[in-house]
There are 2 protein chains.
Amino acid sequence: MAAVDRSLVANLSMFAGLSPPEQDELLREARSVRYIKGSAVFDQGTQADRFFLLLHGHLRVEKTTPQGQQTVVRYVSAGELFGVAQAMNMTHYPATSVAAVDSIALAWPSSSWRRLIVKYPTLAASALQTVGSRLQDTQARVIEISNEQVEQRVAHALLRLAKQAGKKVDAGVEIDFPISRQDIAEMTGTTLHTVSRILSAWESEGLVEGGRQRIVLRDAHRLHGLAEGDEAIQVRRRGPQAAASSILGRKTSASTECSAHASAIE
Amino acid sequence: MAAVDRSLVANLSMFAGLSPPEQDELLREARSVRYIKGSAVFDQGTQADRFFLLLHGHLRVEKTTPQGQQTVVRYVSAGELFGVAQAMNMTHYPATSVAAVDSIALAWPSSSWRRLIVKYPTLAASALQTVGSRLQDTQARVIEISNEQVEQRVAHALLRLAKQAGKKVDAGVEIDFPISRQDIAEMTGTTLHTVSRILSAWESEGLVEGGRQRIVLRDAHRLHGLAEGDEAIQVRRRGPQAAASSILGRKTSASTECSAHASAIE
DNA sequence: CGGAGAATTTGCGCAGGAGCAAAGAGAGCT
DNA sequence: AGCTCTCTTTGCTCCTGCGCAAATTCTCCG
């Protein structure tokens, strides 16, 4: 089968520590697979027989409880390793991965994992880092859901999405794949109704611009303020909160700058 | 410094794949440290210069937001690896670890990590598994907080604690370390008031038995029912809401697995 | 043994959001 | 074009659980 060109992956952290010949060898063991929008790369609960590296596109990873409640665990962007269940000694995939847009991934047989990490310790380190940062993100999410109001959580979610998959457009920054209010609700632990209401309110404030499965951030700075609970920016609430400056030295830096296009990986 | 006896750790998964001499060598690089109840093993934000293996005791791992809100991330029990920030390429500890009871841990310099995993691939695999299951737990928690009522979440938390650190006593199963309502509130994303109310209600139902920083599960079975939202067991609520949970997840169209056509990236 | 601080219990009122219902708006298909 | 299906918007009501406050009890310590 035609080999994947090394240049496509050489600058990914996973391949960083390897020599070109090693990279080629690793690639030779992989298959490239294409997934059309809406199709599942793998389903929660099925045998974890492969692990993947997303080359192009975006995936939505979701978990469903036995009671049928769905939650969006995260979105995968190009360059990320995913489906590494086997590496964590799990025999089955703990979640479902669905292509949010047409996507392409490299797939290795899970059975090779053990052999590969012995041969390429970089791989283990890379996986560990991937899983580690994923753990940090998830913990951050727990804290958010525990301590913040819905409005703040939605703001955080949008900012994170923009950072991870934001595309600059004239109106601001657009999330680079179709995403519904329902999806956002499942990411923030609320209902699509509430998300819709919030986005509507924000839209009339000029903070965002919505559309069907489409969101554009027009004022990332104010959104950031909202996310941090900055009273001064609060949109809807109107309590007699004595405009206490509450400076607190929180930096106002517009770190919400967004990477133009998919070369994620950070 | 007194050497740690190999027999203390030989049966931990981390040491499972190693020969006795290798185990000894690994142990020789570690220091054994004692922490009295209430003292911190490391603080959030400080340089991650060591990683640990808990030999004895229990630790509470907590994160504090810049705004001062605390959350209990998890509890560490004997035999677990922790503080492996360095392994995930983080230079600082993302959380604080406090001894819930007098505890003993083995500590290795973070700087050795890289060398050690190359020499003992088992170590990397073990760490990966540890972090992986931690990720699963955290994700499960997100789903819980998102979809369950406070009462269910508290029930889940107690059951998990009992499973991880339960000690059989005549009255039932007791959590083996001091834990306050506040702690439970921080684990479940609620307030100590609510937790107190719930536990009081449960106590008068004979489900649990409380005390100062002390909790005994008297009827784990019924608690489990509560945790799963079993209407029949519900203590307080009584609405006849027909369990018509329409389980209509999102349909995922057939996965068009057009195999390997390597001309990746259209 | 008494005092002080920490942890816990409880009452009360309010409101943030969830539930429910239904109409409106796009997008894709035939 | 026309139709249908999915996504989105919005109004209204009700309830869970948070916020606030104060009383109570248990432990540790001098």
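Naming: A, B, ... by sequence-line order, numbering from 1 per chain.
Taking CD1 of B/Ile184 as the reference point, atom CG of B/Leu158 lies at 5.0 Å (rounded to 0.5 Å). The line from CZ of B/Arg74 to CG of B/Leu59 is 8.5 Å long, rounded to the nearest 0.5 Å. Once rounded to the nearest 0.5 Å, the distance linking OG of B/Ser146 with CZ of B/Arg141 reads 11.5 Å. For the atom pair NE2 (B/His156) and CD1 (B/Ile145), the distance works out to 12.5 Å, reported to the nearest 0.5 Å.
The distance between atom CG of A/Leu192 and atom C1' of D/dC7, rounded to the nearest whole Å, is 9 Å. Atom CD of B/Glu203 is separated from atom P of C/dA7 by 19 Å (rounded to the nearest Å). In this entry the distance linking CD of B/Gln182 with C1' of C/dG5 reads 16 Å, nearest Å. Look at CD on B/Glu151: it is 11 Å from P on D/dT16, rounded to the nearest Å. D/dC28 atom P lies 13 Å from atom CZ of B/Arg214, rounded to whole Å. Taking atom CG on A/Leu199 and atom P on D/dT10, their separation rounds to 11 Å, with Å as the unit. Whole-Å rounding puts the B/Glu209 CD to C/dT9 C1' distance at 17 Å. When the C1' atom of D/dT9 is taken as reference, atom CH2 of A/Trp202 falls 16 Å away, rounded to whole Å.
At its two ends the helix from C/dC1-D/dG30 to C/dT30-D/dA1 runs along axes set 40° apart, each axis drawn from five pairs and the angle rounded to 10°.
Checked by distance alone, A/Arg197 brings a side-chain donor or acceptor within 3.5 Å of a matching partner on the base of D/dG11. Taking 3.5 Å as the limit, the base of C/dG16 and the side chain of A/Arg153 contain no donor-acceptor pair of atoms between them.
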Start with the C-alpha gap between A/Asp43 and A/Thr46, add the side-chain angles, then the distance that decides, and say whether side-chain hydrogen bond (donor to acceptor under 3.5 Å, both in side chains) holds.
-> CA-CA 6 Å; A/Asp43 283 294; A/Thr46 60; 5.8 Å; no
Dump the intermediate steps for side-chain hydrogen bond (donor to acceptor under 3.5 Å, both in side chains) on A/Glu62 and A/Thr96, then the final yes or no.
-> CA-CA 5 Å; A/Glu62 51 193 23; A/Thr96 297; 5.7 Å; no
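Between A/His58 and A/Phe177, the angle of the ring planes lies from 30° to 60°, which puts this pair in the tilted group. The aromatic rings of B/Tyr93 and B/Phe42 sit parallel, their planes meeting at an angle under 30°, below the 60° perpendicular limit.
For A/His193, the listed nucleotide lying nearest its side chain is C/dA21; candidates were D/dG17, C/dG17, C/dA21. Here C/dT9 is the nucleotide among C/dA18, C/dT9, D/dG17 with the atom lying nearest to any side-chain atom of B/Ser200.
No donor-acceptor pair under 3.5 Å is formed between the side chain of A/Glu209 and the backbone N or O of A/Leu217.
Between C/dA6 and B/Gln213, no contact under 4.0 Å exists linking OP1 or OP2 to a side-chain N or O. Taking side-chain N and O atoms only, B/Thr194 has a distance below 4.0 Å to OP1 or OP2 of D/dC18. B/Gln149 has a side-chain polar atom (N or O) that falls below the 4.0 Å cut-off from OP1 or OP2 of D/dG17. Between B/Arg181 and the phosphate of C/dT9, there is a side-chain N or O to OP1/OP2 separation shorter than 4.0 Å. Regarding contacts with the backbone of C/dT8, every side-chain N or O of B/Ser196 stays at 4.0 angstrom or more from both OP1 and OP2.
Heavy atoms of B/Arg212 sit under 4.0 angstrom from at least one base atom.
The pair A/Arg160-A/Glu144 counts as a salt bridge, with a side-chain nitrogen and a carboxylate oxygen less than 4.0 angstrom apart.
A heavy-atom distance below 4.0 Å to DNA chain D is reached by these residues of residues 184-191 of chain B, ordered by number: B/Thr190, B/Thr191.
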